[in-house]
K.L.:
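Would you mind keeping the following structure in view while I ask a few things?
Bear in mind that the values here come from a model prediction, so they are computed numbers and not experimental data.
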Amino acid sequence: MAVEDAFNESFRGEYERQNESLGRFNLVLFGKTGVGKSTLVNAIFGEEVARTGIGEPVTKGSHLYLDKIGHLGLVDTQGLEIGKDDREILRDLDKVIKESRKLPLSEQIHVAWYCVRGMDRRFEESEAEFVRRLDEFGLPVIMVFTQVPFRNGQYHPDAIALAQQVIAKNLPIENGRPYFTFAKADEFAGQAAYGLQEVLDATFRCAPEGVHGALTAAQEIDLSRKTSEAQKVIGAAVASAGAAAAIPIPFSDATLLVPIQLGMMAKIAHLYKIKFDRAALMAIVSTTAATQVGRATFTGLLKLVPGAGTVIGGAIGAGVASTFTYAMGQAWLKVCQQVHAGKLGGLDGALDNEQLREAFLAEFKKRLGKGAVSKASTGAAQR
């Protein structure tokens, strides 16, 4: 038990460090009551993200409230109505933005979604002025038309007419136009959900690059972005492992993984919204399996490389460290993807440790392949 506790503590430290490193993407929402803001947010960031609670005031006396959900921050108005209380909302927002510019990036507001029901027939000048003020505050604005019917390749004519009104005002909004959406499929009406990816892409374009990692972790609809970000994490870990090359097998003991690999695993777990307790259990199962295979593979390598006994801490170390870290990263990514998808026990059910172990090993061995021999041989030749 002491060994497992030691591993958990080490992994917890990296998990918390990576959580801090990813930071938070903060989105401010505007739109009249009933426009469908919560439905839109839940569709992109996961079910029940837009909670019924009001969060905490952004600043004392403010009518802007912040909910923190993992790597996402949602700022919304409470007790005030767009179109009726614009002056008070804008005053609070101006104060918040000015104060937050003195704070770290993860504490600032990054993007605004201004939501309009797509079937409304008129876009008021007061709404246009509100959007202009947001731009004056230096806040990127994405205008989203919600609940827009789409059939036979055509948007509803009323939504098109409303969009033309908006475009004619030449507002400072992303791409100069509204984004049409239908966030939640309506099976009775035969209306499929659409438009979410376009809104997310626009949000990435508007958001500071420094919060892209947090936005990638928070969103739920673009898994390719999660994969791409995870591959960057693996690549960085591989480079660091090769440079360090402190030991031939970086995970020589399943309970004493080097920080490089712990950090890699923790950050990928964050990208897939895997909470600490579950991630730690997954890490124990995975690294135990990797250690067993790693030791056996490395023993075989020593027989293939002339003079291996003299280079075990030198050139061969960098090659093996990189190869094993790469294989481990890819295998860890695979199991995180499957757990996120509800497999291997799913996010809410108990993990099947044996299934997890088999899934990890299958990918680990495939990625290891002949790469370890190639890297080790190259290292020995350079020596």
K.L.:
Looking only at heavy atoms, what is the nearest atom pair of Leu74 and Leu29, with distance?
P.N.:
CD2-CD1, 4.2 Å
K.L.:
Answer yes if Leu223 and Leu271 sit in the same cluster of Ile, Leu, Val, Met, Phe, Trp and Tyr residues linked by side chain heavy atoms under 4.5 Å apart, and no otherwise.
P.N.:
no
K.L.:
Donor-acceptor check, side chain of Thr325 to backbone of Ala237, threshold 3.5 angstrom: yes or no?
P.N.:
no
K.L.:
Please name all residues satisfying ring-ring contact (aromatic ring centres under 6.0 Å, His included) with Tyr179, sequence neighbours left out, ordered by chain then number.
P.N.:
none
K.L.:
Quick one: do the Gln355 and Gln338 side chains pair a donor with an acceptor below 3.5 Å?
P.N.:
no
K.L.:
NZ of Lys169: more than 12 outside heavy atoms within 6.0 angstrom?
P.N.:
yes
K.L.:
Can you get from Ile167 to Trp113 by hopping between Ile, Leu, Val, Met, Phe, Trp and Tyr side chains that sit under 4.5 Å apart?
P.N.:
no
K.L.:
May I ask whether Leu196 and Leu215 are part of the same hydrophobic cluster, defined by side-chain heavy atoms of I, L, V, M, F, W, Y residues being less than 4.5 angstrom apart, directly or through others?
P.N.:
yes
K.L.:
How far apart are the closest heavy atoms of Gly23 and Ser106, and which atoms are they?
P.N.:
CA-CB, 4.1 Å
K.L.:
Apply the test salt bridge (charged side-chain N to carboxylate O under 4.0 Å, His left out) to residues Asp201 and Arg205: give CA-CA distance (whole Å), side-chain angles for both, the deciding distance (0.1 Å), then the verdict.
P.N.:
CA-CA 6 Å; Asp201 289 343; Arg205 288 194 297 272; 5.3 Å; no
K.L.:
Run the salt bridge (charged side-chain N to carboxylate O under 4.0 Å, His left out) test on Glu363 and Lys366 for me, step by step, so that the C-alpha distance in whole Å, both residues' side-chain angles and the decisive distance to 0.1 Å come before the verdict.
P.N.:
CA-CA 5 Å; Glu363 189 70 15; Lys366 181 175 76 173; 3.4 Å; yes
K.L.:
Tell me if the CZ atom of Arg132 is crowded by more than 12 foreign heavy atoms within 6.0 Å.
P.N.:
yes
K.L.:
So, Asp186 side chain and Gln191 main chain: donor-acceptor pair closer than 3.5 Å or not?
P.N.:
no
K.L.:
When you measure from the side chain of Asp85 to the backbone of Glu81, do you find a donor-acceptor pair of N or O atoms at a distance under 3.5 Å?
P.N.:
yes
K.L.:
I'd like to know if the side chain of Asp222 and the backbone of Arg225 have a donor-acceptor N/O pair within less than 3.5 Å.
P.N.:
yes
K.L.:
Could you check whether Glu20 pairs with Arg17 (Lys NZ or Arg NE/NH1/NH2 to Asp/Glu carboxylate O, under 4.0 Å)?
P.N.:
no
K.L.:
If you measure from the Lys or Arg side-chain nitrogens to the Asp or Glu carboxylate oxygens, is any gap between Lys267 and Glu14 under 4.0 Å?
P.N.:
no
K.L.:
Ring centroid separation for Phe25 and His212, is it under 6.0 angstrom?
P.N.:
no
K.L.:
Students often mix this up, so state it plainly: with edges at 30° and 60°, are the rings of Phe7 and Phe11 parallel, tilted or perpendicular?
P.N.:
parallel
K.L.:
Contact between Val211 and Leu22 at the side-chain level, heavy atoms closer than 4.5 Å - yes or no?
P.N.:
no
K.L.:
May I have the step-by-step check of side-chain hydrogen bond (donor to acceptor under 3.5 Å, both in side chains) for Gln108 and Asn26, ending in yes or no?
P.N.:
CA-CA 7 Å; Gln108 301 175 24; Asn26 296 315; over 6 Å; no
K.L.:
Can you measure from CD (Glu358) to CG (Leu361) and round to the nearest 0.5 angstrom?
P.N.:
8.5 Å
K.L.:
Is the backbone N or O of Thr216 less than 3.5 Å from a side-chain atom of Gln219, with the two atoms forming a donor-acceptor pair by type?
P.N.:
yes
K.L.:
Does Gly83 offer a backbone N or O that forms a donor-acceptor pair with the side chain of Asp86 under 3.5 Å?
P.N.:
yes
K.L.:
Within a reach of under 6.0 Å around CD of Glu354, are more than 12 heavy atoms found that belong to other residues, nucleotides or ligands?
P.N.:
yes
K.L.:
Show your reasoning for whether salt bridge (charged side-chain N to carboxylate O under 4.0 Å, His left out) applies to Asp120 and Arg117.
P.N.:
CA-CA 6 Å; Asp120 287 349; Arg117 199 173 74 91; 3.2 Å; yes
K.L.:
Return the CE to OH distance between Met282 and Tyr272, rounded to the nearest 0.5 Å.
P.N.:
11.0 Å
K.L.:
With no hydrogens and no angle check, is any side-chain donor or acceptor of His71 less than 3.5 Å from a backbone partner on Ala218?
P.N.:
no
K.L.:
Nearest 0.5 Å please: distance from the CD atom of Glu129 over to the CG atom of Leu90.
P.N.:
8.5 Å
K.L.:
Given the rule that I, L, V, M, F, W and Y join up when any side-chain heavy atoms are under 4.5 Å apart, are Ile221 and Phe45 in one cluster?
P.N.:
yes
K.L.:
Counting distance only, does the side-chain N/O of His340 pair as donor-acceptor with the main-chain N or O of Lys273 below 3.5 Å?
P.N.:
no
K.L.:
How many angstroms lie between atom CD of Gln165 and atom CD of Glu127, to the nearest 0.5 angstrom?
P.N.:
10.0 Å
K.L.:
Give me the one residue out of Phe30, Phe123, Phe137 that meets ring-ring contact (aromatic ring centres under 6.0 Å, His included) with Phe130.
P.N.:
Phe30
K.L.:
Spell out, as yes or no, whether a donor-acceptor pair under 3.5 Å connects the side chain of Ser100 to the backbone of Ile97.
P.N.:
yes
K.L.:
If you count every heavy atom of other residues, nucleotides or ligands that lies below 6.0 Å from Arg151 atom CZ, does the total exceed 12?
P.N.:
no
K.L.:
Please determine whether residues Tyr194 and Met119 belong to a single hydrophobic cluster, defined as Ile, Leu, Val, Met, Phe, Trp and Tyr linked transitively by side-chain heavy-atom distances below 4.5 Å.
P.N.:
no
K.L.:
Start with the C-alpha gap between Arg122 and Glu124, add the side-chain angles, then the distance that decides, and say whether salt bridge (charged side-chain N to carboxylate O under 4.0 Å, His left out) holds.
P.N.:
CA-CA 6 Å; Arg122 184 170 176 80; Glu124 303 289 345; 3.5 Å; yes
K.L.:
Quick check for you: to the nearest 0.5 Å, what is the distance between Glu99 atom CD and Asp94 atom CG?
P.N.:
10.0 Å
K.L.:
Atom CZ in Phe360, atom CE in Met328: separation rounded to 0.5 Å?
P.N.:
4.5 Å
